[in-house]
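Reviewing the structure listed below.
Every chain is numbered from 1, with letters handed out A, B, ... down the list of sequences. On a predicted model such as this, the values are computed, not experimentally measured, just so you know.
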Amino acid sequence: QKEVEQNSGPLSVPEGAIASLNCTYSDRGSQSFFWYRQYSGKSPELIMSIYSNGDKEDGRFTAQLNKASQYVSLLIRDSQPSDSATYLCAVNPSGAGSYQLTFGKGTKLSVIP
Amino acid sequence: DAGVIQSPRHEVTEMGQEVTLRCKPISGHDYLFWYRQTMMRGLELLIYFNNNVPIDDSGMPEDRFSAKMPNASFSTLKIQPSEPRDSAVYFCASSASRTTRLYNEQFFGPGTRLTVL
């Protein structure tokens, strides 16, 4: 069973702080990694993708990937109340032609004004 | 682009009734995915299609569930007969194949909230 694990939270951070969200995965051959944001009652929205080890920055968001440790994280700098949502980690498992994503159950983030 | 379109947005039905959920993927996307989301189980993949052909339906919970994709712009997920435990939010998502830059990035529709009484 290929699994994606996340701390369910809630993770509470004060406005302006850095929020750090973590995710581990079991399939060592996984190639693609994604972070989705889901506001309450809404659909998941893709915010970051990362395919190689290291950091990828996009505005206030930084995704970090360490394939050796099977670990991917999302940092949100200068957190805003509008960042309050559930963040889903998704992994594309190994296997030729595999286009599926396996999702974690998400971490609920609350940014306190 | 209009994004992934789903209908209906909300469905309330009684146990035993047939339910049909509909999805229109983003134009040009050749992969379509059906997911179910509950608090207990999170976001689960039910089935996915490539070029209108079902590729993996191992996530379909039982024979009461069926899905079709008669053409590139339309898919249905049917539950017959429905049961209270089917109550969930059902999402449709689409993506493009690896020949494009954004491969594997799935784009979700707004979902259908199903309540079976």
Side-chain angles (χ1 to χ4, degrees), chain A residues 1-10 21 23-27 29-52 56 58 61 63 65 72 85-108, chain B residues 2-7 9-10 21 23 25-26 29-51 53-60 88-113 115:
Chain A
Q1 181 73 12
K2 298 173 180 176
E3 297 180 345
V4 177
E5 299 288 342
Q6 295 181 257
N7 188 320
S8 62
L21 305 164
C23 170
T24 58
Y25 58 94
S26 62
D27 182 5
S30 298
Q31 297 296 318
S32 310
F33 308 86
F34 305 89
W35 283 99
Y36 283 80
R37 177 177 62 199
Q38 187 174 25
Y39 292 114
S40 180
K42 302 295 184 181
S43 60
E45 171 193 16
L46 180 67
I47 55 172
M48 288 288 286
S49 59
I50 186 166
Y51 303 100
S52 54
K56 178 182 178 183
D58 184 1
F61 298 99
L65 175 61
V72 59
T86 296
Y87 290 80
L88 304 173
C89 174
V91 175
N92 173 232
S94 58
S98 175
Y99 288 81
Q100 299 173 233
L101 292 180
T102 301
F103 283 83
K105 291 187 177 180
T107 298
K108 186 172 184 178
Chain B
V4 177
I5 299 172
Q6 290 187 249
S7 65
R9 296 292 305 276
H10 302 273
L21 311 181
C23 175
I26 292 173
H29 281 189
D30 51 353
Y31 282 85
L32 184 140
F33 305 82
W34 282 101
Y35 290 91
R36 177 173 68 176
Q37 188 175 40
T38 61
M39 289 292 291
M40 289 294 295
R41 301 176 67 91
L43 195 61
E44 302 175 280
L45 177 66
L46 300 178
I47 185 172
Y48 78 95
F49 296 82
N50 175 223
N51 291 324
V53 176
I55 303 300
D56 187 344
D57 65 354
S58 60
M60 296 285 261
V89 180
Y90 291 80
F91 289 106
C92 176
S94 69
S95 69
S97 64
R98 288 179 178 165
T99 55
T100 67
R101 183 177 66 84
L102 297 178
Y103 73 89
N104 284 335
E105 298 186 5
Q106 296 183 16
F107 297 86
F108 283 75
T112 295
R113 182 173 295 276
T115 302

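Under the salt bridge (charged side-chain N to carboxylate O under 4.0 Å, His left out) criterion, B:E44 pairs with B:R36, B:R41, not counting sequence neighbours.
Using a 4.5 Å heavy-atom cutoff, the side chains of B:Y35 and A:L101 are in contact. The side-chain heavy atoms of B:Y48 and A:Q100, taken from C-beta on, include a pair separated by under 4.5 Å.
Distance alone, capped at 3.5 Å, places no donor-acceptor pair between the A:S43 side chain and the B:G111 backbone. For A:K105 (side chain) and B:M40 (main-chain N/O), a donor-acceptor pair under 3.5 Å exists by modelled atom type.
Atom CD of B:Q106 sits about 8.5 Å away from atom CG of A:N92, to the nearest 0.5 Å. Taking OG1 of A:T102 as the start and CG of B:L43 as the end, the distance is 10.5 Å to the nearest 0.5 Å.
In this structure, B:E105 and A:F34 approach most closely via the heavy-atom pair CG-CE2, 3.4 Å. Taking all atoms of both residues into account, the shortest heavy-atom contact from B:F91 to A:Q38 is CZ-NE2, 3.7 Å.
For B:L45, the part lying under 4.5 angstrom from a heavy atom of chain A is the side chain only. Interface remark: A:E45 contributes no atoms to any contact with chain B (heavy atom separation under 4.5 Å). B:D56 touches chain A through its side chain: at least one heavy atom from C-beta onward sits under 4.5 Å away, while N, CA, C and O do not.
Taking a 6.0 Å sphere around NZ of A:K108, one finds it holds 12 or fewer heavy atoms contributed by other residues, nucleotides or ligands.
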